[in-house]
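Right, one structure below, let's go through it.
Just so it is clear: chains get the letters A, B, ... in the order the sequence lines come, proteins before strands, and each one is counted from 1.
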Protein chains: 2
Amino acid sequence: MAPSGNPLGIVARRLARAVSFTAVDQGAIERLPVVTRILEASRDIIYEDNSSAHCCVILDGWTCCYQLLANGRRQILSFHVPGDLPDLQSLYLPSPDFGMATVTRASVAFVPHTHLRRLAQQSPAMAQAFWREVVVTAATHRAWITSLGRRDARQKVAHLFCELYLRLEAASLAGDHIMPMPLRQNDLADALGLTSVHMNRVLRNMRTEGLFDLRSRRLKIRDWAALASAAEFNPQYLHLGN
Amino acid sequence: MAPSGNPLGIVARRLARAVSFTAVDQGAIERLPVVTRILEASRDIIYEDNSSAHCCVILDGWTCCYQLLANGRRQILSFHVPGDLPDLQSLYLPSPDFGMATVTRASVAFVPHTHLRRLAQQSPAMAQAFWREVVVTAATHRAWITSLGRRDARQKVAHLFCELYLRLEAASLAGDHIMPMPLRQNDLADALGLTSVHMNRVLRNMRTEGLFDLRSRRLKIRDWAALASAAEFNPQYLHLGN
DNA sequence: CGCAAACTTGATGGCCGTCAAGCAAAGTGG
DNA sequence: CCACTTTGCTTGACGGCCATCAAGTTTGCG
């Protein structure tokens, strides 16, 4: 699959995973006006004009959504990879309840709400694709809630790794149970409600057991069955097709 | 505000909180065909025809959404009170990833997807109201993620009580910092990722400190400021207006 | 009044947090 | 190319929050 040269081609392909677009729809996406910016790792993603009348699209790199508490603690709410629309929810309800930040150096495109709304109005397929994205995000939130509330550290790691692998695979960014893993142990800890110290110990144990290799920003899942089983992982919520 | 006699009046008023409906919209909601059922406490909410081509509306009583793990543990994902639409997300993406159950005896109405979709197609206000409901649900999920990941038991309780009180107040089901509290300590534990034993101890402490009274299914918040402060509660995510 | 469900309390232990220190890796500048 | 710094990883010691197990007690309801 040769990627289209258009920067938003990645979004068109992503949305078309679930909905059948006409050539017109496809073209309309790719002709959306965008401002693209390259951000260094660990930078907040902020709307320059402060109007927050845009949605952002991840074109390259990894990002996350997070909330901060007064004591300085951070909870990561989701990770995002190329093709994702982390704040599509803002389309009809601005006033974000979370921050966004890059994990790696990343290329991010900003698309005006006005144009996205027009797309949704003119094309039922587009409206449905947007709805679907938001609903899948909510389903992913639910999976995280259950992980945070009722799984121990080892199971949490297993569940997150399974989720990330399948999402990357669906985006043609991973295969053969090998994937890039730019997340620091500190990021993993903030996503799973743990400390980085404990994170380190749990990872060591799981590595020792032969569940996976994790070094130089690369994760190789050695025993997918065991990992998925430890997590009680059910990929249905991701709605990746298959 | 005298409630309309129509069973779906409660939904119309709820959706109208955020969106301006015409009299036509209003009437269209109230004329939706529904099947209403009364369920005893602690019963699963199941679609009889198995097609799950319906959304449900809580008319009376409390319900919850949950996920189960293999070891029998339960994670509650959300609580729902009269006027709520717990599974509106199924409208354009069936295949639920969670179960629903009553907390108290409850009256639940089932509305066919077909009619809801037609409403959304014919009225932009309606479409926006649905979108908004789904997005607020996701925002609530995010608040729970942060609670589960980064707050201790005491803060979790404080946060949940603040959320529930404001939602009930907005539905005219609570006031003066007094609200019904039908949740068992076991339910609270399953929502907050704790055991019921620990739940009991934490509640006792908070009661002793004078934060609230909690007996005979009634919660009286004695010190709202202290409770909200302990939770670092910011009501913005609920989008209740005001 | 009797049963079941829910609440309460104590004792004990483990998972994970905190504090502290040292090591490794990666980038920076001279 | 090598000091130097920064960031991230690793490990040990210790403690606390919360889970587990095991009684009781209270509440609610038929």
request  = Could you please name the option among dT9(C), dC18(D), dT18(C) that lies closest to any side-chain atom of Arg204(B)?
outcome  = dT9(C)

task = For atom CZ of Arg37(B), decide whether the heavy atoms of other residues, nucleotides or ligands shown that lie under 6.0 angstrom number more than 12.
result = yes

task = Over 60° means perpendicular and under 30° means parallel, so classify the ring planes of Tyr47(B) and Phe110(B), tilted if in between.
result = perpendicular

request  = Evaluate the ring planes of His159(A) and Tyr237(A), with Trp represented by its six-membered ring, and classify them as parallel (under 30°), tilted (30 to 60°) or perpendicular (over 60°).
outcome  = parallel

query = For Asp187(B) and dC7(C), what is the distance between atoms CG and P respectively, to the nearest whole Å?
reply = 8 Å

request  = Between dA11(C), dT8(C), dT10(D), spot the one nearest the side chain of Asn200(B), thanks.
outcome  = dT8(C)

inquiry  = Please tell me whether Arg150(A) and Thr146(A) have a donor and an acceptor in their side chains that are separated by less than 3.5 angstrom.
reply    = no

request  = State which of dT11(D), dT20(D), dC16(C) makes the closest approach to the side chain of Arg201(B).
outcome  = dT20(D)

request  = Please report, rounded to the nearest Å, how far the P atom of dA19(D) is from the CG atom of Leu192(B).
outcome  = 11 Å

query = Between atom CZ in Arg154(B) and atom P in dC18(D), what is the gap in whole Å?
reply = 11 Å

inquiry  = Looking at dT18(C), I'd like to know if its phosphate oxygens (OP1 or OP2) sit under 4.0 Å from a side-chain N or O belonging to Arg73(A).
reply    = yes

task = Take atom CZ of Arg151(B) and atom P of dC18(D), then tell me their distance rounded to the nearest Å.
result = 14 Å

key: N or O in side chain of Gln185(A) less than 4.0 angstrom from dT10(D) OP1/OP2   = yes

key: Pair Arg218(A) + Asp213(A): basic N to acidic O under 4.0 Å   = no

message = Assuming nearest nucleotide by heavy-atom distance, tell me which of Lys156(A) and Val197(B) is located more 5' along DNA chain C.
response = Val197(B)

query = Do the side-chain N or O atoms of Arg215(B) get closer than 4.0 angstrom to the phosphate oxygens (OP1, OP2) of dA6(C)?
reply = no

message = Considering every strand and a 4.0 Å limit on heavy-atom distances, what is the contact class for Arg207(B): base, sugar-phosphate, or nothing?
response = sugar-phosphate

inquiry  = Please report the distance, rounded to the nearest Å, between CE in Met199(A) and P in dT18(C).
reply    = 16 Å

request  = Return the value, rounded to whole Å, for the distance between atom CD of Glu40(B) and atom P of dG30(D).
outcome  = 10 Å

ask   = To the nearest Å, how far apart are Leu194(B) CG and dT20(D) P?
value = 11 Å

query = CG of Leu183(B) versus P of dA5(C): gap in Å, rounded?
reply = 19 Å

ask   = Ala153(A) or Leu203(B): which one's nearest nucleotide on DNA chain C is closer to the 5' end?
value = Leu203(B)

